Structure formats: C-alpha cells, structure tokens
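This is a predicted model, so every value here is computed, not measured.
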Amino acid sequence: MAELEPSYIDYEAFLDPEFSPTGFANSLVLSTNNATDTPLDLSTPLSRVLFDLQEIDTHIHSLTTKSALPLLDYTQGQTAAAEHILKETGTQIASVTQGYERLEKEVLQKWQAAEDTRIAAEKSLATVRLARAVARCLTLGRQLESQVAEITGRSTNGHAPAAGTDGASTGKEGLRALERAASTILNLHQMFSASSEEDEGWGLERVKVARTLRNEFVIPAENLIKTKAQQTINRFSISSPGSSGQPSYKQARDARSRLANASTTLYLLSPIPKAKTTVSDYKPELLLSTLQGYMQTSIQASANALSKALSQLPIMERTLAEVSARCQDIVVFESILRNLRPPLHPLLISTHTQPPTDETYPNTTNLLQPLLQALDTSSLPSYFWRSLASSLSSRVQDIINRGGVSTRTLRSNRDRLKVEIKGCVMRASRVSANSLLSEGRSGSDSVTVGNWEREAAVMVSSIVGPLSR
C-alpha cells in the first residue's frame, strides 16, 4: 500500500481480512441518512459506492498500464524457469524410472522367486514333518497292536480290542507287556497333544488316518490295558487259589511281578493335569483309586465273612484263617509298593534323565507313600484291622439286639473268641519270607512283621467288647 497514490478511498479498510460488505454498506447508509427518517434516501450512498468503484477501477487500470512490461518480463522469467525445472525433473524421473525397472528386474523379481521358493520349502518341510509324525504314529500303533495281542493272548488281526474284554488269561509275558503298552500309549498321547510347530506330532489332528487310529484303536486299547491292570491288582494274592500253606518262592516272585507291572502301568496311565506339573506334585488318581479299591474290597469281604461266622460259630475258625490270609496279602502288598519306585513319566516336568532315585522324587520315594497319604494312615495292615474293627462293632451289636441262640452262643464262647481273634491277628503278622525277600533270594521260614498287639486289642474289643456288656 505504500506505492499507492494518495486517495480519499480507505484501501486499508477494503484490504482488511475482516472486511464486511454488509457492515460497510450499513455504516455508509447511516452516515448519509438520519436513522429516524422514513423513507431512507439510498441514492446518496449508492452514488458514493459507484464513485468509489469507478475510482478503484481507474486506479487498477492505471497500475496495470504502468506495470505491464515488468509483469510480462517477470511472468516470462517464471515460465522459462518452470520449463527448465520441468525438463530437468523429467530427466531425473526418467533416470529414476530406469533405475527402478532395473532394480525390479534384478532384485524384486529375484526376491519374489526366492520368497516363493522359501514358502514352498516351508510347506515341503511341514509336509515331511507331518509325514514323519504320521509314520511314527502308525509305527507306534502297530507296536501297540502287538503289545495288546501279547497282553490278551490273541494273534494280531488288525482289529481294535473292545474295552473291558478279558480274552485269554494274561500270562507273565502279557503282564510285562502292560508297562510297555502304557509307555507306547503315552508316546502317542504326547504326539496327539502337540501344542506348537516345534513339537513332534503337530497337525496330526488334520490327518484322518491318525484320528481313526486314536479313536478306534488307541482309546479302546488304553481302556483294555487299564482294565487288565486293575484286575491284576484286585486279584492280588501271595498264594494260588485253592492252595494251602505258605507260597513258594516262584509264587511270591510272580505275585510281586504282577503287582509291580500293574501298578506301574496305572501310574503311567493316570490322568495328567492340563497344566504342566512336576513329578513330585503328580497324583496318580487311577492308581490310587485302584489300590484303595483293593483295600476296601479286602476289608468288606472280611467284614461280611466275620459277620456270617459270628452267626455260625462252627465256620469261625476257617473264616479267621481266610481273614488272616487277606491281611498277609496286604502285608506283602505294602512291602511291594514300598520297594516300588515311580517310573519315569514322559509327560511330567523333570530335569532328571537318570533312573528314579530318592533325590528324583523327594516327596514320593515309592508308590506306597501316596496311598498312605490318601488313606491317612501310616500302615496298611493297621488300616485294615482298624477299619475292619470299626465295621464289625455295629454288626456284633445287631446280633446282640436280635437275641436268640446266636447271642447266647456268642456270649458262652466269648473267651474262646477272644483267643481266636487275637491269634488271627498275630498269625497275620507272620508272613512267608519268600513273599518279603527281594528278587534273587529265597527262603521258607516265616517272618514276623511289626508289633500288632494294639491291632489285636482293637479287634478283640470290637467283637468281644459288646458281648461283655
């Protein structure tokens, strides 16, 4: 504005960014009229505006005429500079385009080919790994099939065993196959439960043959093996059925082997928590429930037999001999479990690669300890006699309440019962040395296990006590 010629027109007001045409017109009308006049005279402000416009137009024309040549020169210079820049830019763009095309040809296309190759290699590697996993899975399935056939005594015929079928009697080799079959099943479970691409067996669930193997063979076979192991434990005895006297060394050795194999099998096949757990924290629920079932069956059978004998005293002597034999089985049962170490479990967290030792399992040095903790006792024979005594007290009381010949007979033979019951408990403490000695040693003498005077007193009190009232 400093170059503008002096003029009565207020160019600063027109050039102000906040200039308002409406406000300017309003102020112009008010400056040339009285606000109270009616009507208003608009000719004067209109003439003023027209004059101003003419003045501005004249001024613009004058400036344009005077500055035309400089403006044309400036515009020409700017145009020439722009054309020069455009030319140079076009040259550089062409150079960059050529460089990109060369880069795309020499690098990008090769990189794309390399990327395609890498993807193909990864897929090929995944296929090879999956194929190896399927092959190993089928190999383990075939191995399990032969082990199941060995357990059941049948020849392999390609058919999955039905869960719970007994088949032929499980021989010594079949019992040894139980633990091997359990390890095979654990290896299969480990493959089927792969959680990352680094784990063997990743993707097996997508393969139909693997799913079929698991659902139609592995699971039924596992159920069969569990049933066989449970039956072996439930039928545990240190003497053969129908035999009398102390068991031979061979009988005791076979009984120990059967119980050890079955217990190890159930330890391995017990459910594993979803969260990774250590060996010391592992609770083999399937094994514990089976061992507790064996104890409860022995106690219940003894209680039923003694209840019947109390009503029929002539069979009391034979019944006490049977109860004593059951307790001797439990003594040996406890001894075997005490000397039986937990096997290495592939699905449990452990940094040890050596065979199990006391240091490997600081809280579970043998398979007896978890059972004692579950039963809340320090001795299985003591638990047997005390549970049996607890069960008999109410039964003896029922016989007394009924009265009659049975009650009178019991009361008259109270002293004889006291001697026989104590003798039964003390006889149970004398177990064949063959049953307690380790492998490779034999003996024919009896061995007295512990001091059972307190258990004898508890048993006598539970039967003879109510008769004295």
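- Using a 4.0 Å cut-off between charged nitrogen and carboxylate oxygen, Glu222 and Lys226 count as a salt-bridge pair.
- Of the possible polar contacts, none joining the Thr184 side chain to the Gly141 backbone as a donor-acceptor pair under 3.5 Å is found.
- With a 6.0 Å radius and a threshold of 12 heavy atoms from other residues, nucleotides or ligands, Asp376 has its CG atom at or below the threshold.
- The minimum heavy-atom distance linking Tyr282 with Pro271 is given by the pair CE1-O, 3.7 Å.
- Side-chain contact of Arg386 with Ser382: a donor-acceptor pair under 3.5 Å is present, judged by distance alone.
- Of the possible donor and acceptor atoms, one in the side chain of Asp329 sits under 3.5 Å from a partner among the backbone N and O of Ile238.
- Under a cut-off of 6.0 angstrom, the local environment of CD in Glu317 is sparse, with at most 12 non-hydrogen atoms contributed by other residues, nucleotides or ligands.
- With a 4.5 Å cut-off on side-chain heavy atoms, Val405 and Arg408 count as touching.
- When each of Glu334, Gln328, Glu455 is paired with Pro381, the side chain to side chain contact (heavy atoms under 4.5 Å, CB included) condition holds for Glu334 and for no other.
- Side-chain atoms of Thr227 come within 3.5 Å of backbone atoms of Asn223 as a donor-acceptor pair (strictly under, hydrogens ignored).
- For Arg118 and Glu122, the salt-bridge test passes: some basic side-chain N is under 4.0 Å from an acidic carboxylate O.
- A salt bridge links Lys422 and Glu453; the closest N-O separation between the charged side-chain nitrogens and carboxylate oxygens is under 4.0 Å.
- What you find for Leu268 and Leu344 is that their closest heavy atoms are CD2-O, 3.9 Å.
- Closest of all the heavy-atom pairs between Ala181 and Ile151 is CB-CD1, 4.0 Å.
- No donor-acceptor pair under 3.5 Å is formed between the side chain of Asp415 and the backbone N or O of Lys418.
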Practice task
Could you go through the side chain to side chain contact (heavy atoms under 4.5 Å, CB included) check for Val331 and Ser429 one step at a time?
Solution key: CA-CA 8 Å; Val331 172; Ser429 67; over 6 Å; no
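- At most 12 heavy atoms of other shown residues, nucleotides or ligands fall within 6.0 angstrom of atom CZ in Arg132.
- Considering all non-hydrogen atoms of both residues, Trp452 and Ala428 come closest at CZ3-C, 3.4 Å.
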Problem - Evaluation steps, side chain to side chain contact (heavy atoms under 4.5 Å, CB included), between Ser298 and Ile330 - result: CA-CA 9 Å; Ser298 297; Ile330 290 176; 4.1 Å; yes
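- Rounding to the nearest 0.5 Å gives a distance of 8.0 Å between CG of Leu86 and CD of Glu83.
- Between the Ser95 side chain and the Thr91 main chain, no donor and acceptor come within less than 3.5 Å of each other.
- Nearest approach of Ala309 to Thr319, heavy atoms of both residues: CB-OG1, 3.6 Å.
- Listed for the Thr97 side chain is a donor-acceptor partner under 3.5 Å among the backbone atoms of Ile93.
- Annotation: Glu88, atom CD; neighbour count of heavy atoms from other residues, nucleotides and ligands within 6.0 Å is above 12.
- With rounding to the nearest 0.5 angstrom, the CD atom of Gln147 is 9.0 Å from the CG atom of Leu140.
- In terms of heavy-atom proximity, Leu380 sits nearest to Met295 at O-CE, 3.7 Å.
- In this structure, Ile399 and Thr407 have side chains that are in contact, with non-hydrogen atoms separated by less than 4.5 Å.
- A donor-acceptor distance shorter than 3.5 angstrom exists from the side chain of Thr232 to the backbone of Lys228, with no hydrogens or angles considered.
- Counted within 6.0 Å of CZ on Arg211, heavy atoms from surrounding residues, nucleotides or ligands total more than 12; the atom is thus considered enclosed.
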Practice task
Just do the side chain to side chain contact (heavy atoms under 4.5 Å, CB included) check on Leu367 and Leu259 with the steps written out, would you?
Solution key: CA-CA 11 Å; Leu367 293 185; Leu259 179 59; over 6 Å; no
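- In this structure, Trp385 CH2 and Leu392 CG are separated by 9.5 Å, a value rounded to the nearest 0.5 Å.
- A distance of 11.5 Å separates OG1 in Thr117 from CH2 in Trp111, rounded to the nearest 0.5 Å.
- One N or O on the side chain of Ser289 and one on the backbone of Leu286 form a donor-acceptor pair closer than 3.5 Å.
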Practice task
Check step by step if side chain to side chain contact (heavy atoms under 4.5 Å, CB included) holds for Phe384 and Ser302.
Solution key: CA-CA 10 Å; Phe384 171 82; Ser302 299; 3.5 Å; yes
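- Inspection of the Arg395 and Asn304 side chains reveals an N or O donor paired with an N or O acceptor under 3.5 Å.
- When atom types are taken as modelled, the side chain of Thr75 and the backbone of Leu71 share a donor-acceptor pair closer than 3.5 angstrom.
- Between Asp254 and Lys250, at least one side-chain nitrogen of the basic residue sits less than 4.0 Å from a carboxylate oxygen of the acidic one, meeting the salt-bridge criterion.
- Within the 3.5 Å criterion, the main-chain N or O of Thr409 finds a donor-acceptor partner in the side chain of Ser412.
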